[in-house]
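As structure tokens, the structure follows; a few thoughts come after it.
To find a chain, count down the sequence lines: A is the first, B the second, and so on, and within it residues start at 1.
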Number of protein chains: 4
Amino acid sequence: MTLADHAAPAPRRGRWADAERNRAAIIEAAGQVFAECGGSVDVREIARRSGVGMGTLYRHFPTKDELLTTVLEQQFNAWLTDAHQQAVATEDPWQALTGFFEQLLDNQADNRAVVESYATTGGPSEYCVQRCYSLIDQVRTRCVDAGVLRPGVTTEDLFLLSGSLSQAVLTTADSHPGRWRRLLRISLDGLSSRNTEPLPEPGTAGS
Amino acid sequence: MTLADHAAPAPRRGRWADAERNRAAIIEAAGQVFAECGGSVDVREIARRSGVGMGTLYRHFPTKDELLTTVLEQQFNAWLTDAHQQAVATEDPWQALTGFFEQLLDNQADNRAVVESYATTGGPSEYCVQRCYSLIDQVRTRCVDAGVLRPGVTTEDLFLLSGSLSQAVLTTADSHPGRWRRLLRISLDGLSSRNTEPLPEPGTAGS
Amino acid sequence: MTLADHAAPAPRRGRWADAERNRAAIIEAAGQVFAECGGSVDVREIARRSGVGMGTLYRHFPTKDELLTTVLEQQFNAWLTDAHQQAVATEDPWQALTGFFEQLLDNQADNRAVVESYATTGGPSEYCVQRCYSLIDQVRTRCVDAGVLRPGVTTEDLFLLSGSLSQAVLTTADSHPGRWRRLLRISLDGLSSRNTEPLPEPGTAGS
Amino acid sequence: MTLADHAAPAPRRGRWADAERNRAAIIEAAGQVFAECGGSVDVREIARRSGVGMGTLYRHFPTKDELLTTVLEQQFNAWLTDAHQQAVATEDPWQALTGFFEQLLDNQADNRAVVESYATTGGPSEYCVQRCYSLIDQVRTRCVDAGVLRPGVTTEDLFLLSGSLSQAVLTTADSHPGRWRRLLRISLDGLSSRNTEPLPEPGTAGS
DNA sequence: TATGAATGAGGTTTCATTCAT
DNA sequence: TATGAATGAAACCTCATTCAT
């Protein structure tokens, strides 16, 4: 480790550091911009805000779409981690479920691109969706085991609910922030084991 | 359900009949295209599908945005009318509420542009939103009078719920059509008067 | 004359009258519009102002350019007639020359299209140019005969002068109307027989 | 005379040199094209002739109009500089005045857009007009001091004359190049101090 | 014959992506 | 490696002209 110092490793480490810093800056800026303007913004706006040139941006992300995907994945993952930690730290299973949703949705407030992506792909990416399923399933299982969750409620239901409420969060972000909590409460009440009537079969289109 | 309902009140003299037919064709085609591809499609695709030239299209709608707005308004209005009729025709208030949502959401299935517009403008247009509020309020009042609606539930809550569920409808349109009905059922159960605990104050951000 | 009343001559005369009235209305409106907006206005504006449909307009003038030409010719001819009458009515040859120019230019004030046409074609039309030449020549001849015109001044010179001053008239129409009269005076003074030095040969580019 | 004079002050690092070269090329090409075809040419033609893509063109000039303005300003400035140098280099004040006009007009030959711009805006731009006034005033003052200029002639008169003669230059550019010199001679003779009669008051419309 | 809606080529402008420096 | 100018296909929109009624 003390050898091989004279070649180029120091500048190389410097370059690497720069590269990492740039990549982070791009993701940061892109996160903001996509959130504010949706997925159809001009890439230049992202380059401008991240303080890098177009070339640098395209070195890290060969396509606008790839950038969008990455950013969404990153953000979504972070939110997921937050929400999961919140849930793990909560003893009461129902409180854990509530907290999970609240944490997740609170973070998504005013992020247009996320809802867009929900609409088009069912979520940021397959990996993300899987992880989300997995984490939701943990919380759900705790609730099931505690007998507080309405029978028949699936992980898919809860996942879908989170996407659905994201829309509400976004819609009200500007005019009535926080109003979505009422919807969350309503939905959770509908999810409690107090409701015993079976849900419509998934895959059935009829009434 | 047919779109372009109030199109041709009186196919008058000259080529006016064509004009009305074209306008209807444009709205029809634009509805499809916007639904399939979102609001960022090429206007030419719409012109092509409606079988008119660019000039005709722009004669009727001086701007792409105006076209989008009009189409959304038309569609939303039609859906609203459908849903309202459904509600009016149903005797049981709770069934009316359920039917209203089902009808509304059923129509919105696989229309990307609507959700986009929800996210950006809070709905197709001010007029539409007002009408929607008004119709929802009628159904809500019936439920309140019958004592079947959870106390404190506002028209805004129900409107927000419809937008929120639209997202779910759209998300699952391709892979799991109809699954959103489970969410609807859950939400409605949370809205029933069986739930008596107060909802979070609107305008309050805390838990 | 009292016979042949029942056939179709009356409506036919009516159609003819309509046609003539329309043609006149179009020319009238086109005159205004071209004057105000230049030769690149939308033809619809002309149709709108003349109160006829596009079809009628194109029945009378198969081409926008033909309409422009006709209008310009008509106007220019009227101005020319005015100016000529003014000249004829004036006894003193030099006064006639002065008056001719003043009358001609006064009429051209704020008519953009005319100057444009000067720039592109050297005048409204060949016929008009010829007539203009002819009328100018009459005035010129009177001045020559009276010995008040600088020797060597040609009809072409005077024609060119009128076009040149048109530009000045137009330029100053809004901000300094009438200022062009100073230029006219200067030019006319340079045209008086007091100046005896020969003018540069036409067709020679050198100094 | 070369256009695009103050283009490349310091061909700096990177592709900036290209940028400057392109900017110059665009202005050069646009100058030609506007001159030949007037202000209504297709921008693509300019892009083609300057050898750059549309994007490059619009990077430098966000609007066609901005390009037109810039080009006109550049050209007019260059012509003005030429004419001024010509005047400064001439000892005899009257010769200086004569030379100034000749130089200015000679350059404007066959540039349609310039005359168009005269007609619509009273000149290329406010700055240009001011500079033109200033330079003309210098020449005028010399003539006044030498007592060779007709009393009462203002800078505005001379400016207006230059615009007026531009029209003549353009009109005759194709068919009778150089014939405008006769008009210039006539006007200048009318401007000489040999003519002592007062000019019509500016702002007065009467005879 | 008069009408004005329809046409579609062509104009201006934007933006994802590439590439010389 | 970072830069940002260059690219050009494609987007939006206009308008001279045609044509069914």
Measure the shortest side-chain to side-chain distance between [X] and [Y] over non-hydrogen atoms and say whether it is less than 4.5 angstrom.
X        : Y        : value
A/Val114 : A/Phe34  : no
B/Met54  : B/Arg44  : yes
D/Asn77  : D/Tyr127 : yes
D/Tyr58  : D/Val43  : yes

Check whether any side-chain nitrogen or oxygen of [X] sits under 4.0 Å from OP1 or OP2 of [N], and answer yes or no.
X       : N     : value
B/His60 : E/dA6 : yes
B/Thr56 : E/dT7 : yes
B/Asn22 : E/dA5 : no

Using whole Å, report how far [atom1] of [X] lies from [atom2] of [N].
X       : N      : atom1 : atom2 : result
C/Tyr58 : E/dA6  : OH    : C1'   : 14 Å
A/Leu57 : F/dA5  : CG    : C1'   : 16 Å
C/Glu20 : E/dT1  : CD    : P     : 13 Å
A/Glu66 : E/dT17 : CD    : C1'   : 14 Å
C/Lys64 : F/dC15 : NZ    : C1'   : 8 Å
B/Arg21 : F/dA20 : CZ    : P     : 14 Å
A/Ile26 : F/dT1  : CD1   : C1'   : 13 Å

Can you name the closest pair of heavy atoms from [X] and [Y] and give their distance?
X        : Y       : result
A/Ser50  : A/Ile26 : CB-CA, 3.7 Å
B/Gly39  : B/Leu68 : CA-CD2, 4.4 Å
C/Gln108 : C/Phe76 : NE2-CE1, 3.5 Å

- How is the base pairing of DNA chain E summarised as a dot-bracket string, given the Watson-Crick and G-U wobble criteria with both distances under 3.5 Å, [ ] for crossing and | for another strand? .||||||||||||||||||||

Side chain of [X]: nearest nucleotide among [options]?
X       : options               : answer
C/Met54 : F/dT17, F/dT7, F/dC12 : F/dT17
A/Thr63 : E/dT17, F/dA6, F/dT17 : E/dT17
D/Arg59 : F/dT14, F/dT17, F/dA6 : F/dA6

- Sidechain N-carboxylate O distance under 4.0 Å for D/Arg21, D/Glu28: no

- Query: In terms of side-chain geometry, is the basic nitrogen of C/Arg23 or C/Glu20 positioned less than 4.0 Å from the acidic oxygen of its partner?
  - Reply: no

- Those residues of residues 37-49 of chain C lying under 4.0 Å from DNA chain E by at least one heavy atom: C/Arg44

- Query: Want to settle it: does D/Gly55 or C/Gly51 sit nearer the 5' end of DNA chain E, counting the closest nucleotide to each?
  - Reply: C/Gly51

